[in-house]
Amino acid sequence: MGYGRQVASTKKLFAALKRRGPHRVLRGDLAFAGLPGVVYTPESGFNLPGVAFAHEWLTSAERYEGTLEHLASWGIVAAAPDTEKGIAPSVLNLAFDVGTTLDIIAGVRLGEGKISVHPTKLGIVGHGFGASTAVFAAAGMAAKPKAVVAAFPTVTKPRAEEAAATLKVPGLILTDPGDPMSLRSNAIELARVWKTATLRAMPKAKAGGLIEGRRLARVVGLPGADRDTQKMVRALMTGYLLHMLTGDKTYRDFADPEVDLPKAATMDPFADDPVDLENKVVALLKP
């Protein structure tokens, strides 16, 4: 395939993945297994891929229902624990709950027994605080997931960089061009130590925009929902997960760091001057 034709094909796939997939979606509750949270599945199917999703700070799982539904509509079982939602959440506790969520969806028949998740087709996805949580979750699992998506990760205590440095799991880190210079972002720092991860810059995205609806955190200056960000991120993560979890070669470009995807070019975390605290503070104080 020629380069021009390949680019056109990838753009067409990206446009398709921004829309809902072909599967009718069912919604369930993780409480049946003793964990607060939600699960979205295709209507039926055995040995499906599955992911656990970790939420942003001061946010609940229900603020990502559109994203979870989107993944399910493309054939991926998507579940999210609804814990650690307070002002001072524990990243380690949420990471444990993420691992438990994967155990649940891979260990039981879902729906009315017409849905199952294959134990080797598992991934972890997180946003903001949840993106760093996803790193901890993957690092702490004995049986590693096939892939991790960290969308606009933010700094946590303890720091996720130490956990990321131990990972050999393929990863996709998403950031926006202004985000690496904010005090909250650790996208570049993670990409520098997580050798098997690809960092992609999304200049048209807003780091907080993946959250749906109004949120309490807007009171403390954090951004709200952004539909364009949601569509772009859903397309990128869906294509990436379909290839990484199922081996579907149709979407291999979404996992290829050499391919610049629409609105998400690969970024070299070592290309610019070091992102240190002083630079971040200067950037924060600029008008």
Side-chain angles (χ1 to χ4, degrees), residues 1-19 67 70-71 74 123-128 130-132 134-135 147-154 160-161 164 167 169-182 184-210 223 226-245 248-276 279-280 283:
M1 181 184 289
Y3 176 74
R5 190 180 302 173
Q6 182 181 12
V7 170
S9 174
T10 303
K11 285 185 177 179
K12 187 175 180 180
L13 287 172
F14 182 80
L17 289 170
K18 287 168 73 175
R19 301 187 292 269
T67 295
H70 187 89
L71 291 170
W74 283 97
I124 301 175
V125 182
H127 174 228
S132 289
V135 171
V148 177
V149 178
F152 314 105
T154 57
E161 288 88 325
L167 284 180
V169 175
L172 173 63
I173 304 171
L174 302 177
T175 188
D176 71 56
D179 198 38
M181 295 302 291
S182 80
R184 296 188 70 229
S185 174
N186 62 344
I188 285 180
E189 289 89 343
L190 285 177
R192 285 176 173 173
V193 297
W194 185 0
K195 302 304 183 184
T196 50
T198 299
L199 177 66
R200 289 191 178 275
M202 301 185 67
K204 302 293 185 181
K206 296 180 180 178
L210 191 59
D226 182 72
R227 293 289 296 276
D228 288 340
T229 297
Q230 291 164 15
K231 289 179 180 179
M232 288 187 291
V233 172
R234 288 169 186 170
L236 289 170
M237 70 169 58
T238 301
Y240 180 79
L241 292 168
L242 284 173
H243 177 70
M244 295 303 300
L245 303 187
D248 190 335
K249 293 182 180 179
T250 306
Y251 303 100
R252 60 187 171 191
D253 283 354
F254 288 80
D256 187 345
E258 301 300 318
V259 175
D260 280 345
L261 298 174
K263 303 177 182 179
T266 302
M267 180 179 175
D268 181 358
F270 295 99
D272 301 318
D273 292 334
V275 180
D276 56 32
N279 287 340
K280 286 185 174 184

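Of all heavy-atom pairs spanning Ala264 and Leu236, the tightest one is CB-CD1, 3.6 Å. Considering all non-hydrogen atoms of both residues, Pro257 and Thr198 come closest at CB-OG1, 3.6 Å. Scanning all heavy atoms of the two residues, the minimum distance from Thr229 to Leu210 falls at CG2-N, 4.1 Å. Counting all heavy atoms, side chain and backbone alike, Met232 lies closest to Lys263 at SD-CD, 3.4 Å.
Separating the OH atom in Tyr251 from the CG atom in Leu13 is a distance of 6.0 Å, to the nearest 0.5 Å. Separation of atoms CG (Asp268) and CZ (Arg192) is listed at 9.0 Å; rounding is to 0.5 Å.
Residues meeting the side-chain contact (heavy atoms from CB on, under 4.5 Å) test with Ala255, sequence neighbours left out: Tyr240, His243, Met244. Residues forming a side-chain contact (heavy atoms from CB on, under 4.5 Å) with Ala197 (at least two apart in sequence, or on another chain): Ile173, Trp194. With sequence neighbours left out, Thr238 forms a side-chain hydrogen bond (donor to acceptor under 3.5 Å, both in side chains) with no residue at all. Applying the side-chain hydrogen bond (donor to acceptor under 3.5 Å, both in side chains) test to Asp248 and every residue at least two apart in sequence or in another chain returns Thr250.
Within the structure, salt bridge (charged side-chain N to carboxylate O under 4.0 Å, His left out) pairs that include any residue of residues 226-235 comprise Lys206-Asp226, Glu212-Arg234 (at least two apart or interchain).
Side-chain contact check for Val125 versus Leu241: some heavy-atom pair is nearer than 4.5 Å.
Relative ring orientation between Phe14 and Phe254 is described as parallel, the plane-to-plane angle staying below 30° on a 0-90° scale split at 30° and 60°.
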